[in-house]
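Start at 1 and go down the list; that is how both ligands and their atoms are numbered. Every heavy atom of this structure was used, including side-chain atoms; hydrogens, water molecules and symmetry mates were not. These figures come from a predicted structure and were not determined experimentally.
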Amino acid sequence: MIAPGTAPAADRLRPPERVAVVDLDAIRSNVRRFVRVAAPARLMAVVKADAYGHGAVPVATAALEAGASWLGVAHIEEALALRAAGIDAPLLAWLHTPQSDFAGAIAAGIDLGSAGWELGPIAAVAVEQGQVARVHLKIDTGLGRNGSPAADWDALLSAAMAHQAAGRIRVVGVFSHLAVADEPDRPETDEQLAAFREFVALAERAGAAVEVRHLANTPATLTRPDTHFDLVRVGLGLYGLSPFAGTAPSALGLRPAMTLTSLVAQCKDVPAGQGVSYGLSYRTMGPSALGLIPLGYADGIPRIATGGPVRVNGVTYPVVGRIAMDQMVIDLGEAGLVASGRSATGAEAVLFGPGDDGEPSVDEWAAAAGTNNYEIVTRVSPRVQRRYLNAFPGAGDIRRQMTLESSTAVEDGPTARAARPA
Ligand SMILES: *Cc1c(COP(=O)(O)O)cnc(C)c1O
């Protein structure tokens, strides 16, 4: 083993073997699109789950540069990580347990969602710290998940107003979340919207001076201006992905930000009938070349996604046989035979990208895995390094690479060493 930092210079410049390249100009372009669509409502960039796998700090930074006014995350820990990185924009965290660090959140100026039980602990911590906690009350208008049940709303408002009168909290927001906005023909969005209006009116009648009412997610922001209110909470669309089945991102004016690539680790000729991977569920039809891709379910590629597309040397091949922990296989066919002098070993293997150069899409991987595009990008694991294009806004055509590194992206071994700044 060579100690970190002592690798030869050439090693340090070597691109990583497994990499998710995130184009921050694509993020900025998508943010600007949502800022325009949402106006006069403002945009909350939802950067939970490490910005859906894209890297929370670089994405949040790019989103704020491009006009987002707020950031949103699920957990207080995610919010604290943004604050620790020096990001001081308005920030909301909405999913808590009795163990959540309300003290840390209030001290860091993080707004807190409350569906009910959180109010007491938040108020108690605020008193202890001599601070006023900023709270957004969450009403369940039909999703049946996080949020106050309708029957408890009056009691929650009374409790909130009492805490507010005592100077412990301030109710700055009322919000809810939509269940079927990605299916614009369904009637439940209208029902949720009507219910939300009533619950907001009740809150205002109870004496809350609500600064921000917010309901819309990505699909509602795109299709339902009547759900925009003061603020829209957009996640998926920022990453350039489409929330609508059968609608490509480009049709929505969005640019996919992530490109996931590796290198062919081995290319070898096999005879007809060669079984491939655990279970031998695939056999070659004739003499063929198999290409080994060093990505598997430990990298976040769903094990079930056999058939998912991999582009090598300008041709897209489906994954054959079972996807394993570290590797998967494509069948390059007779045309790829190493014996014919065209070994693909070392060639770039692209799983998905924006599509400009014919790369497969995140949506194709979602289809292969029987899931949605959210899950494909969010699952990409810390074993895959993140790299950033266009880290500086306005760099124009000069594509600047490798200026930021996701905190979770460093892995041991020569690849990681190569990517660390000298
Ligand atoms: C994840 C989330 C969003 C963002 O949803 P998208 O469909 O990705 O735009 C908005 N609001 C809440 C409460 C969420 O949990």
Ligand 1: which protein N/O atoms lie under 3.5 Å from its N/O atoms?
residue: ligand 1; atom: 7 (O); partner: Y374; partner atom: OH; Å: 2.6
residue: ligand 1; atom: 8 (O); partner: Y52; partner atom: OH; Å: 2.6
residue: ligand 1; atom: 8 (O); partner: L236; partner atom: N; Å: 2.8
residue: ligand 1; atom: 9 (O); partner: T218; partner atom: N; Å: 2.9
residue: ligand 1; atom: 9 (O); partner: T218; partner atom: OG1; Å: 2.5
residue: ligand 1; atom: 9 (O); partner: G235; partner atom: N; Å: 2.9
residue: ligand 1; atom: 11 (N); partner: R233; partner atom: NE; Å: 2.8
residue: ligand 1; atom: 11 (N); partner: R233; partner atom: NH2; Å: 3.4
residue: ligand 1; atom: 15 (O); partner: K48; partner atom: NZ; Å: 2.6

Q. Residues in side-chain hydrogen bond (donor to acceptor under 3.5 Å, both in side chains) with R224, at least two apart?
A. D190, D226

Q: Taking the six-membered ring for Trp and the single ring otherwise, decide whether the centroids of W70 and H136 are under 6.0 Å apart.
A: yes

**Q.** Non-neighbouring partners of H177 that pass ring pair (Phe, Tyr, Trp, His ring centres under 6.0 Å), sequence neighbours left out
**A.** none

Q: Report the residues that fulfil side chain to side chain contact (heavy atoms under 4.5 Å, CB included) with H96, sequence neighbours left out, ordered by chain and then residue number.
A: I76, A93, S100, F102, L112, W117, E118

Q) Does a salt bridge link D326 with R383, judged by any charged N lying under 4.0 Å from a carboxylate O? A) yes

Q.
Measuring only between side-chain heavy atoms, which start at C-beta, is V200 closer than 4.5 Å to V210?
A. no

